[in-house]
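No experiment lies behind these values; they were computed from the predicted model shown. Throughout, residue positions are numbered sequentially from 1 according to the sequence presented.
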Amino acid sequence: MATPVEQWLPGMDITAGRLEAMNQTAYLTVTNYGADPSGTVNAHTEIQAALNDARDRGGAQVLVPPGVYLIGATLRIYQNTRLTLMHGAEFRRNFGGRMLVNGDAGQDLGGYTGHGNIVIEGGLWNMRGTNPGMTSSAMCMSIGHAQDVLVQEVDIIDVPGYHAIELNSTFHGVIRNCRFRGFIDPGGRDISEAVQLDLSKNVAGFGAFGPYDNTPCEDVLITGCFFGASGTPGTTAWPRGIGSHTTTRGRWHRHIRISDNSFVDLLQFAISAYNYEDVTINGNTFVGCGSGVRLRVIITSDPGDTAGPDGVPTGLSQNMRNITITGNSFRQGGSYGQVIVAQGEATGTILNLAITGNTIDGTSGTQTGIRLNYVSRATVVGNVIANTNGTSISTEQQNNTVIADNVVWGSNAHGITMVDSQNSNILNNQVRDPANNGILVQTSTDVQIRNNFVDGPNRVNVPGTSAYGIRISDTNSNIAVTGNKCRPGSSTVKALNGLSMTSSVSFATRYGNDMRGTWTGAGIADTSTSGSTVATDLS
């Protein structure tokens, strides 16, 4: 055999030996290291030998041929390695711990300086969480302190307690075209996400290695994945699909893109963006999930999460900003939470939020379609929302919000509500057959309600119910109600008024509204004070 060479140089002869030498430099096949593909004996020692060889060479592709490989200890993958499970290959967990981690226990590589430039692809990763000795909480893949990590085309099933993939303190992580099927809760783990983004906060949150320097995740793409059930007896669908449930004040997960995924029958939030910034959530499909998308600032009732990097609780939240939720489809939402909810706090506001072009069809319980609380500078535009068991669009404690051009149909509560709000607009919406009011505004200031159409309020036909097409009440001031049209619809018991403005409303402007039809009371009932009903300039 010819002497192996590291590379071809101009003029070299191409020989079988040289080709083989180069092939072995680039590709390492685990069966050549003795890994047994029969599924009858543990194969982790031989697979680890291939991964170690890739490390020692400065990087290589490790190939896993078709077969079943019992994994009896945690595998460790290192810098510049591509681990490829070929079609028909299965890693079958055969012990109680995690399946794969990037690096060694005890390493001290902070920030994003750990083992990165890693690709993990293909195969069935069977966590076997219902099997004896494997029911305690465990992770499938843990990645921390890394840059440039790609996980693709993997199928992870039946994870007990923790997560299928955790990206912790990772910069530029991509998870694409994967399947996450089946979860087992061994107790107290109903908060688990299939894909968790976490920061290196403490050993309880990431036990693989330190340092615990509160490095967050940045520049993460999760796309083309499926989240749901496996059908294995004793398992359920995942509680949550993508998200986080711990954080550190003064840190954010940033530049997060979640697109074109499918979430089916998840028990809680399909996506829980906890203390994220610069986020796009687009083109996803949600069917039968307990809740769809939750945006959440730091929860002040959790002292650990309000702590800064020094570990001292502050009792304070913080702002999060720049989030787009667009072009998603939600159907048959469950009763766990709202379909889309943006929940801030008094010490932490969600800023610069766009919820556009989504379709929402059906909820159970009393769940709303879209809910905003402690939000500023938001647009809720061009959504189609039908058959919600609660209010279709609900806003509270917010300002500088535009709710426009939405189609709202068949709400089992109100169509659109705005409470304790300032400097906001409700424009050009179509609200049909709400069970209660079409549009309700309370305790708000400087709100414009213009060119909306409401048809058939009080759909539930309850005699004596005080439902209205548009209702302005409870200490509102400087409200403009112009160019709206309300009709009583086909309800047997008509709403009380097309437009109602109570005596607690002051400095309202009202003109050009069309409230004709047969209402229980008058078409317009306006007892507000200091108002104007002329279409002229005011000063």
Side-chain angles (χ1 to χ4, degrees), residues 39 42-45 47-48 51 68-77 83 85 90-107 118 120 123-146 149 151 154-170 175 178-198 200-210 225 227-246 266-268:
N42 283 331
H44 60 274
T45 299
I47 296 170
Q48 189 61 60
L51 293 169
V68 176
Y69 300 84
L70 295 183
I71 306 300
T74 298
L75 298 172
R76 298 184 180 275
I77 189 170
L83 174 60
L85 278 66
E90 175 185 344
F91 276 2
R92 185 175 293 176
R93 191 172 67 120
N94 202 35
F95 75 117
R98 82 184 77 217
M99 197 102 82
L100 181 73
V101 67
N102 68 317
D104 296 315
Q107 69 183 33
I118 288 170
I120 303 162
L124 174 64
W125 296 64
N126 190 346
M127 288 292 286
R128 304 172 72 202
T130 61
N131 286 49
M134 288 178 272
T135 59
S136 297
S137 293
M139 202 92 65
C140 184
M141 300 179 189
S142 298
I143 304 295
H145 290 298
V149 175
V151 183
V154 303
D155 185 3
I156 300 175
I157 67 170
D158 298 341
V159 175
Y162 289 152
H163 314 285
I165 300 174
E166 176 174 355
L167 294 183
N168 188 301
S169 48
T170 296
I175 299 173
C178 297
R179 293 198 296 172
F180 304 100
R181 302 182 295 126
F183 175 79
I184 302 95
D185 184 358
R189 291 300 307 179
D190 63 349
I191 59 172
S192 285
E193 303 90 357
V195 176
Q196 179 183 233
L197 307 185
D198 207 352
S200 52
K201 189 178 181 75
N202 52 44
V203 68
F206 189 74
F209 45 73
C225 298
F227 300 80
S230 68
T232 302
T235 69
T236 67
W238 279 90
R240 304 179 183 183
I242 300 167
S244 307
H245 53 261
T246 59
L266 302 195
L267 307 181
Q268 295 186 11

Taking C-beta and beyond as the side chain, do [X] and [Y] meet within less than 4.5 Å on heavy atoms?
{"X": "Ile165", "Y": "Leu167", "value": "yes"}
{"X": "Met134", "Y": "Phe95", "value": "no"}
{"X": "Leu51", "Y": "Arg76", "value": "no"}
{"X": "Met127", "Y": "Met99", "value": "yes"}
{"X": "Ser200", "Y": "His145", "value": "yes"}
{"X": "Pro186", "Y": "Ser137", "value": "yes"}
{"X": "Phe180", "Y": "Ile157", "value": "no"}
{"X": "Ile77", "Y": "Ile120", "value": "yes"}

Donor-acceptor contact present, side-chain [X] to main-chain [Y], <3.5 Å:
{"X": "Asn42", "Y": "His44", "value": "no"}
{"X": "Arg240", "Y": "Gly243", "value": "no"}
{"X": "His163", "Y": "Val195", "value": "no"}
{"X": "Ser169", "Y": "Gly144", "value": "no"}
{"X": "Ser192", "Y": "Gly161", "value": "yes"}
{"X": "Gln268", "Y": "Asp190", "value": "yes"}

Which heavy-atom pair separates [X] from [Y] by the least distance, and what is that distance?
{"X": "Gly97", "Y": "Ala138", "value": "O-CB, 3.8 Å"}
{"X": "Ser136", "Y": "Pro160", "value": "O-CG, 3.3 Å"}
{"X": "Thr235", "Y": "Thr232", "value": "OG1-O, 2.6 Å"}
{"X": "Leu70", "Y": "Gly39", "value": "CD1-O, 3.5 Å"}
{"X": "Phe227", "Y": "Cys225", "value": "CE1-CB, 3.6 Å"}

Euclidean distance, [Y] [atom2] relative to [X] [atom1], rounded to 0.5 Å:
{"X": "Ile242", "Y": "Leu197", "atom1": "CD1", "atom2": "CG", "value": "8.0 Å"}
{"X": "Ile184", "Y": "Arg189", "atom1": "CD1", "atom2": "CZ", "value": "13.0 Å"}
{"X": "Glu166", "Y": "Cys140", "atom1": "CD", "atom2": "SG", "value": "12.5 Å"}
{"X": "Asn168", "Y": "Met139", "atom1": "CG", "atom2": "CE", "value": "8.5 Å"}
{"X": "Cys178", "Y": "Asp155", "atom1": "SG", "atom2": "CG", "value": "9.0 Å"}
{"X": "Asp185", "Y": "Leu267", "atom1": "CG", "atom2": "CG", "value": "9.5 Å"}

Original post:
Any side-chain donor-acceptor pair under 3.5 Å between Asp158 and Ser230?
Top reply: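 There is such a pair between these side chains.
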Original post:
Between the side chains of Arg98 and Thr74, does any donor sit under 3.5 Å from an acceptor?
Top reply: no
**OP:** Tell me, with the steps shown, if Trp125 and Met141 meet side-chain contact (heavy atoms from CB on, under 4.5 Å).
**Re:** CA-CA 10 Å; Trp125 296 64; Met141 300 179 189; 3.6 Å; yes
Original post:
Taking only residues two or more places apart in sequence, or in another chain, which ones meet Phe183 in a ring pair (Phe, Tyr, Trp, His ring centres under 6.0 Å)?
Top reply: Trp238
Original post:
For Asp104, which residues count as a side chain to side chain donor-acceptor pair (under 3.5 Å) partner, sequence neighbours excluded?
Top reply: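 With sequence neighbours excluded, Asp104 shows a side chain to side chain donor-acceptor pair (under 3.5 Å) to Tyr78, given in chain and number order.
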Original post:
Pick one: which of Leu124, Leu75, Asn126 meets side chain to side chain contact (heavy atoms under 4.5 Å, CB included) with Phe91?
Top reply: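 Testing Phe91 for a side chain to side chain contact (heavy atoms under 4.5 Å, CB included) against Leu124, Leu75, Asn126 leaves exactly one candidate, Leu75.
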**OP:** Test Ile118 against Ile143 for side-chain contact (heavy atoms from CB on, under 4.5 Å), laying out the working first.
**Re:** CA-CA 10 Å; Ile118 288 170; Ile143 304 295; 5.5 Å; no
**OP:** Would you sort out whether Phe206 and Asp198 count as a side-chain contact (heavy atoms from CB on, under 4.5 Å), showing the intermediate values?
**Re:** CA-CA 8 Å; Phe206 189 74; Asp198 207 352; 5.8 Å; no
